Amino acid sequence: MTEVQYTTLPETRVPVSAEADVVVIGGGPAGIASAISSAENGARTLLIEQRGFLGGMGTVSLVPAFCPFTDKEKPIIRGIGLELLERMKSEAGEAFQQEYEEWLDWVPIDAEALKRVYDDAVLEKGVHPLYHTFVYDVVLSASKRQIEGILIVNKSGLSLVRCKYIIDATGDADIAAKAGVPFQKGGSEGELQPGSMCYLLSNVDRYCFQQFLKDTQDTVQLHRTVERGIAEGALPEGRKSISGLAWISDTLVGVNFGHVFGIDGTKAEDLTRGAIEGRRLVERQIRFFRKYVPGFEQAHLVASGEQIGIRETRRIQGDYVLTAEDFMQARTFEDDIARNAYYIDIHLANSKSEMTINHLPPGQSHGVPYRVLLPVGIDNLWVPGRAASSDRAVQGSLRVMPNCFAMGQAAGTAAAMAACHSLTSREVSVPELQKRLLDRGAWLGEGVVQG
Ligand SMILES: Cc1cc2nc3c(=O)[nH]c(=O)nc-3n(C[C@H](O)[C@H](O)[C@H](O)COP(=O)(O)OP(=O)(O)OC[C@H]3O[C@@H](n4cnc5c(N)ncnc54)[C@H](O)[C@@H]3O)c2cc1C
């Protein structure tokens, strides 16, 4: 490892470019729901996103479908997340709406429709969005328990945003890490789930493809065909199936297939390698599709992710660390702010290892306590989404988009409550928070009724 060299910059005066009660950083599912609920609960809310649009992995990296909103018996992710899902269905056009009207699980993502839905949804609530802006540092109070401001960089230059409360929805806990919150990254050996470059193919024929599955008895994940492709050298070693095909129309499909290993999404060099290797892999996969999969002979690559999809980076240490045992026992907590039923889905860290998958029985879910959003040591910060406080196994489940919406809704509501009454994150009344979540359509488990 080469030693890092440092230099000292001259003292810089930076302008204060904005001020808000609640600043949400990151416009993925966790950040969008945070911003909407914060504004709905009366806080002046600024939403900062490095890209020119919202959506996080679902739009930036073209992750092709929403994971289940149900526990296989009933919807358990409701509230803001479910509303946004329904809005995307209608924005995606009549044919899409008709086909997926009854679906709550694995609904394909029309990324362009979703971007418009997210823009409208935050603007309607009076959120101030600031796109094309990267947050690169924080300013702490003398006690080091409060973040007083964040340093941003964008086309206008460097500046400071003053804030009373912060929601770190970067997915990578960038802000928490800068504020000195302890975190873990990956497994005991530092291994991380792989990245995937997702993409969109047009000019494909869904009916021809379905006929091929019938004729060959292959699965929708093309187990046999992929295995044959690997054996014949058309595909590299690795997972012997496709993670998912999501049909946006009869001729347009979103693809999540294959892995790029050893990518740490908090390192620019790794993201660069992931982008280049990811695009090369996509090119190889398309050649495979055209040759091996009827219906894909004329497939045309419309787009690949602007960034390689990142499943796992930092997990903050929160006031509570949700564990695999909590998951398997389907535990309930007094301070639950959401329920989760998605299976533990840990993708292989290298091309020789196996996937880890653990399901709860249909109808069962576990609670997600408020404390997993609260990073130790800081009193005005919440971390909902992929980087919330859990062990590695549970992160493999909690990380999916419906859960991120639910955690975001709770974080935004709590932050606005804190802002309105000048409280710390830990002083927020949990029963009042739960009541507000239920009033706004969330589901917190059997017997916990809406107000
Ligand atoms: C390949 C792959 C397949 C997946 N499949 C599915 C699936 O089928 N269904 C499902 O529901 N989930 C799936 N997931 C998981 C899911 O997409 C993510 O875990 C989820 O999007 C995380 O949401 P988030 O809001 O926490 O973070 P993200 O979606 O990552 O959003 C974070 C946002 O913050 C912005 N940001 C980050 N750092 C900064 C900064 N410093 N300054 C400003 N902005 C910043 C980013 O640009 C991004 O928009 C998949 C993930 C991957 C990678």
Side-chain angles (χ1 to χ4, degrees), residues 23-35 46-69 77 81 85 105-109 114-115 118 129-138 150-154 161 167-178 192-199 243-246 254-260 263 265-266 268 271 274 278 304-316 342 345 347 373 383-388 395-408 411:
V23 178
V24 180
I25 302 150
I32 292 161
S34 295
L46 176 67
L47 171 58
I48 298 179
E49 164 56 47
Q50 64 178 318
R51 265 91 195 189
F53 51 85
L54 300 175
M57 290 293 136
T59 54
V60 175
S61 302
L62 295 179
V63 164
F66 282 106
C67 280
F69 279 69
I77 305 294
L85 176 77
D105 295 354
W106 302 112
V107 176
I109 290 178
L114 192 56
K115 288 178 194 172
Y118 287 153
L130 184 62
Y131 299 162
H132 299 292
T133 298
F134 189 74
V135 180
Y136 71 94
D137 213 344
V138 299
I150 49 167
L151 288 159
I152 63 173
V153 61
N154 57 26
V161 175
I167 297 176
D168 177 348
T170 60
D172 298 318
D174 280 6
I175 312 308
K178 285 284 178 194
L192 288 160
Q193 290 195 55
S196 294
M197 182 61 87
C198 301
Y199 51 99
S243 291
L245 290 177
V255 186
N256 172 7
F257 180 15
H259 295 128
V260 179
I263 303 294
T266 64
L271 287 170
S304 57
E306 196 234 285
Q307 181 205 284
I308 188 162
I310 296 295
R311 294 183 172 86
E312 174 181 36
T313 55
R314 302 183 184 104
R315 307 185 309 277
I316 58 141
Y342 185 64
D345 176 16
H347 289 239
L373 309 178
V383 183
R386 197 171 69 225
Q395 194 272 351
S397 157
L398 209 54
R399 67 190 174 88
V400 297
M401 289 184 270
N403 292 332
C404 293
F405 282 130
M407 287 185 271

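In this chain, numbering begins with 1 at the start of the sequence shown. Remember, it's a predicted structure, so these values are computed and weren't measured experimentally. Counting starts at 1 for both ligands and their atoms, following the listed order.
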Side chain or backbone of Phe134 under 4.0 Å from ligand 1, or both, or neither, by non-hydrogen atoms?
-> both
Can you check whether Cys67 has an N/O within less than 3.5 Å of an N/O in ligand 1?
-> yes
Sub-4.0 Å atoms of ligand 1 with respect to non-hydrogen atoms of Gly26 | 33 (C), 34 (O), 35 (C)
Rounded to the nearest 0.5 Å, what separation is found between the OG1 atom of Thr170 and the CD atom of Gln50?
-> 9.0 Å
With a 4.0 Å heavy-atom cut-off (strictly under), which part of Ala169 contacts ligand 1: side chain, backbone, both or neither?
-> backbone
Is there at least one pair of N or O atoms, one from Asp172 and one from ligand 1, spaced under 3.5 Å apart?
-> no
Roughly how far apart are Asp137 CG and Lys178 NZ, rounded to 0.5 Å?
-> 5.0 Å
N or O contact, Arg51 vs ligand 1, cut-off under 3.5 Å | yes
Counting both backbone and side chain atoms, is some N or O of Trp106 under 3.5 Å from an N or O of ligand 1?
-> no
Check each heavy atom of Val63 against ligand 1 and say whether those closer than 4.0 Å belong to the side chain, the backbone, both or neither.
-> side chain
Under 4.0 Å from ligand 1, counting heavy atoms only, is it the side chain of Thr170, its backbone, both or neither?
-> both
Ligand-side contact atoms (ligand 1) for residue partner Ala65, heavy atom cut-off under 4.0 Å = 7 (C), 8 (O), 9 (N), 10 (C)
Which atoms from ligand 1 have a heavy atom of Thr133 less than 4.0 Å away?
-> 43 (C)
If you count the atoms of ligand 1 from 1 in the order shown, which ones are under 4.0 Å from a heavy atom of Ile310?
-> 53 (C)
Does one side chain, of Thr313 or Asp172, offer a donor that lies under 3.5 Å from an acceptor on the other?
-> yes
Any nitrogen or oxygen of Met57, main chain or side chain, under 3.5 Å from a nitrogen or oxygen of ligand 1?
-> yes
Give the numbers and elements of all ligand 1 atoms closer than 4.0 Å to a heavy atom of Pro402.
-> 11 (O)
